[in-house]
There are 2 protein chains.
Amino acid sequence: MDLSPVAEDYLKAIYHLEDEYGRSVRTTEISEELDVTSPTVTSMLDSLDERGLVDYTPYQGVELTDRGEEIVLQLVRNHRLLETFLMEYLDYSWSTVHDEADRLEHHVSDEFTRRLARFLGEPATDPHGDPIPDADLRMPDESPYTPLTEYEPGDNVTVEQVPHRDPDVREYLSQHRIGPGTRLVVDEVSPIDLVTVVPSSTDTSVALPTHVARRIGARAVTK
Amino acid sequence: MDLSPVAEDYLKAIYHLEDEYGRSVRTTEISEELDVTSPTVTSMLDSLDERGLVDYTPYQGVELTDRGEEIVLQLVRNHRLLETFLMEYLDYSWSTVHDEADRLEHHVSDEFTRRLARFLGEPATDPHGDPIPDADLRMPDESPYTPLTEYEPGDNVTVEQVPHRDPDVREYLSQHRIGPGTRLVVDEVSPIDLVTVVPSSTDTSVALPTHVARRIGARAVTK
DNA sequence: AGATGGATTTAGACCAGGCTAATTATTCTC
DNA sequence: GAGAATAATTAGCCTGGTCTAAATCCATCT
């Protein structure tokens with residue numbers, strides 16, 4: 001299967017949207033995710049369906065087939081290993097590493113990834129705390145971290161996993177010094193979709209909407 | 001300047017052909033180098049000329065402008081640093097490293113290359129013995145190695161630089177165990193465009209056409 | 001110097017991936 | 001259950017990079 005980077009990006013988008021909403025994905029969602037118009041999406045879905053990479057029912061939605069998911073998992077593996085390399089050896093910061101990996105993931109060979117994984121010591125998670133699929137593209141079990149939304153006010157935790165695909169979220173967290181390794185105290189978990197936390201490095205309260213806090217994985221600090 | 005990998009490949013081809021023949025480059029030469037038809041080359045030359053990257057005179061030939069050359073030098077820098085990384089850290093062999101680097105060179109950012117160069121210790125040559133342009137894209141001085149064609153029968157030398165862009169040449173040399181670091185004795189330098197050598201590892205005589213031998217750089221072994 | 005052959009360009013077509021405008025499905029609301 | 005609103009698709013066009021077939025340039029050779 002010889003797939004263009006563009007087609008691969010559509011598969012990735014479908015994968016992430018399926019994951020986010022737990023259901024089949026609609027045309028508009030993809031068009032927003034990739035910043036293209038919906039007719040463009042429709043025609044790409046036709047073509048991906050023909051190639052057996054998605055199941056697409058016009059007007060109803062689209063899902064990845066097993067073959068489509070396999071391609072995405074290889075990309076995820078490429079991406080997370082590249083991020084690990086970029087941060088550990090080239091001193092990229094966690095908030096800048098994504099774009100570089102997002103380009104390169106489409107262009108490295110399987111051979112490269114195999115060798116890079118060995119060089120890095122076959123890591124199971126990347127520096128954002130996200131799991132790395134193994135060479136057979138099996139995704140490791142669910143992450144052992146607890147979402148920030150599950151903690152109580154006063155809890156003292158270490159951030160282990162941060163959402164970083166959305167540039168706005170990434171920028172916000174980075175600006176407020178919240179990243180992998182950050183120690184913080186949960187201040188308030190409000191019913192109006194808000195969590196406030198105090199990073200121990202700054203002592204300034206930071207507000208987080210629930211959809212962000214839910215994706216921040218943390219470990220309780222054992223005093 | 002936002003250039004497609006395809007356009008970059010045309011610039012590279014022109015660069016290498018100018019270098020090889022020391023004159024402006026003809027359409028057919030490019031079409032053979034890149035394995036596309038000549039009308040395709042003509043239309044790309046029009047487009048590169050419009051963008052100020054080449055000087056193209058229909059029916060006469062084409063040369064790189066300074067801006068075109070700058071782009072190529074950045075690609076050469078990317079390529080040679082990538083090759084260095086792939087061989088030194090990921091254990092690629094000198095004969096397999098080219099293709100991976102040839103794809104990636106188009107997709108790494110300048111930031112990546114800067115950081116990779118630092119990680120590698122700002123090397124001045126790659127593992128094939130080819131010079132790496134510095135951060136300001138200045139190519140280091142001519143290589144200190146002497147072409148195999150300049151030696152006399154009986155001379156004992158170490159190979160330091162091997163041509164590796166042409167897959168057939170690469171395959172031939174690799175098959176006959178001639179690569180960077182190979183010790184060999186020059187057997188015969190024939191006037192009919194042939195040099196024969198005996199690698200010390202095999203004791204079998206290997207014939208090399210002059211156009212290949214001329215591109216193999218070697219250093220005399222001081223006994 | 002003119003004819004001929006090889007190199008080159010022009011003409012016209014195709015595909016991938018994008019767009020806008022118009023049409024058609026679906027869903028929501030009363 | 002019928003219209004209105006929204007979502008999705010179809011129609012038609014564009015650009016970059018490719019092709020084949022046809023026309024044209026140019027160098028050479030008698």
Side-chain angles (χ1 to χ4, degrees), chain A residues 1-15 17-18 20-21 23-64 68 71-72 75 102-103 105-107, chain B residues 1-15 17-18 20-21 23-64 68 71-72 75 102-103 105-107:
Chain A
M1 180 65 34
D2 211 10
L3 220 48
S4 72
V6 171
E8 291 180 343
D9 279 338
Y10 280 84
L11 296 178
K12 276 176 62 190
I14 295 166
Y15 177 86
L17 290 164
E18 273 183 354
E20 184 170 350
Y21 297 122
R23 54 162 175 70
S24 75
V25 176
R26 286 183 276 130
T27 302
T28 312
E29 292 165 348
I30 300 171
S31 81
E32 281 165 6
E33 177 86 5
L34 296 180
D35 203 26
V36 296
T37 60
S38 36
T40 302
V41 175
T42 300
S43 72
M44 181 57 89
L45 293 183
D46 280 338
S47 141
L48 293 175
D49 187 84
E50 265 171 33
R51 285 181 271 186
L53 303 176
V54 302
D55 283 332
Y56 167 50
T57 314
Y59 293 104
Q60 298 310 313
V62 64
E63 305 181 14
L64 291 181
I71 289 167
V72 173
L75 290 169
D102 231 24
R103 247 177 311 109
E105 64 181 5
H106 300 289
H107 302 287
Chain B
M1 179 64 36
D2 212 11
L3 220 49
S4 71
V6 171
E8 290 179 344
D9 279 338
Y10 280 85
L11 296 179
K12 276 176 60 189
I14 296 165
Y15 177 85
L17 289 163
E18 272 183 354
E20 184 170 350
Y21 297 121
R23 54 160 173 73
S24 75
V25 175
R26 288 184 274 130
T27 302
T28 309
E29 291 165 349
I30 300 171
S31 81
E32 281 165 6
E33 177 86 5
L34 296 180
D35 203 25
V36 295
T37 61
S38 35
T40 302
V41 174
T42 300
S43 72
M44 179 58 87
L45 293 183
D46 280 337
S47 143
L48 293 174
D49 188 84
E50 267 170 33
R51 287 183 269 187
L53 303 176
V54 303
D55 284 331
Y56 167 52
T57 313
Y59 295 104
Q60 298 309 312
V62 64
E63 305 181 12
L64 291 181
I71 288 167
V72 173
L75 290 169
D102 231 25
R103 246 177 309 110
E105 64 180 4
H106 301 290
H107 303 287

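To find a chain, count down the sequence lines: A is the first, B the second, and so on, and within it residues start at 1.
Within 4.0 Å of A/P58, counting heavy atoms only, lie sugar-phosphate atoms of the nucleic acid but no base atom. When heavy atoms are screened at a 4.0 angstrom cut-off, B/T40 is found touching base atoms of the nucleic acid. Among the atoms of the strands shown, base atoms are found under 4.0 Å from some heavy atom of A/S38.
Rounded to whole Å, the distance from OH on B/Y10 to P on D/dG16 is 14 Å. Between B/Q60 atom CD and D/dC26 atom P there is a gap of 6 Å when expressed in whole angstrom units. Between the CG atom of B/L34 and the P atom of D/dC19 there is a distance of 10 Å, given to the nearest Å. Atom OH in A/Y59 sits about 17 Å away from atom P in D/dT6, given to the nearest Å. In this structure, B/M44 atom CE and D/dG16 atom P are separated by 10 Å, rounded to whole Å. Remark: P of C/dC15 and CG of A/D46 are 15 Å apart, rounded to the nearest angstrom. Spacing between atom CG of B/L45 and atom C1' of D/dG17 amounts to 13 Å, rounded to whole angstrom units. Taking atom CD1 of B/I30 as the reference point, atom C1' of D/dT18 lies 16 Å away to the nearest angstrom.
In this model, the phosphate group of C/dA16 is not approached by any side-chain N or O of A/S4 to a distance below 4.0 Å at OP1 or OP2. Taking only side-chain nitrogens and oxygens, B/T42 comes nearer than 4.0 Å to OP1 or OP2 of C/dT9.
The side-chain hydrogen bond (donor to acceptor under 3.5 Å, both in side chains) with B/H107 is formed by just one residue from the set A/H107, A/E105, A/H106; it is A/H107.
Rounding to the nearest 0.5 Å places CG of B/D102 at 3.5 Å from NZ of B/K12. Taking CE of B/M44 as the start and CG of B/D9 as the end, the distance is 9.0 Å to the nearest 0.5 Å.
Within the 3.5 Å criterion, the main-chain N or O of A/S38 finds a donor-acceptor partner in the side chain of A/T42. In this structure, the side chain of A/E18 engages the main chain of A/L64 through a donor-acceptor pair within 3.5 Å.
The side chain of A/P39 lies closest to C/dC19, out of C/dC19, D/dT18, C/dG18. Closest contact between the side chain of B/S43 and the listed nucleotides C/dG17, D/dT18, C/dA11 involves D/dT18.
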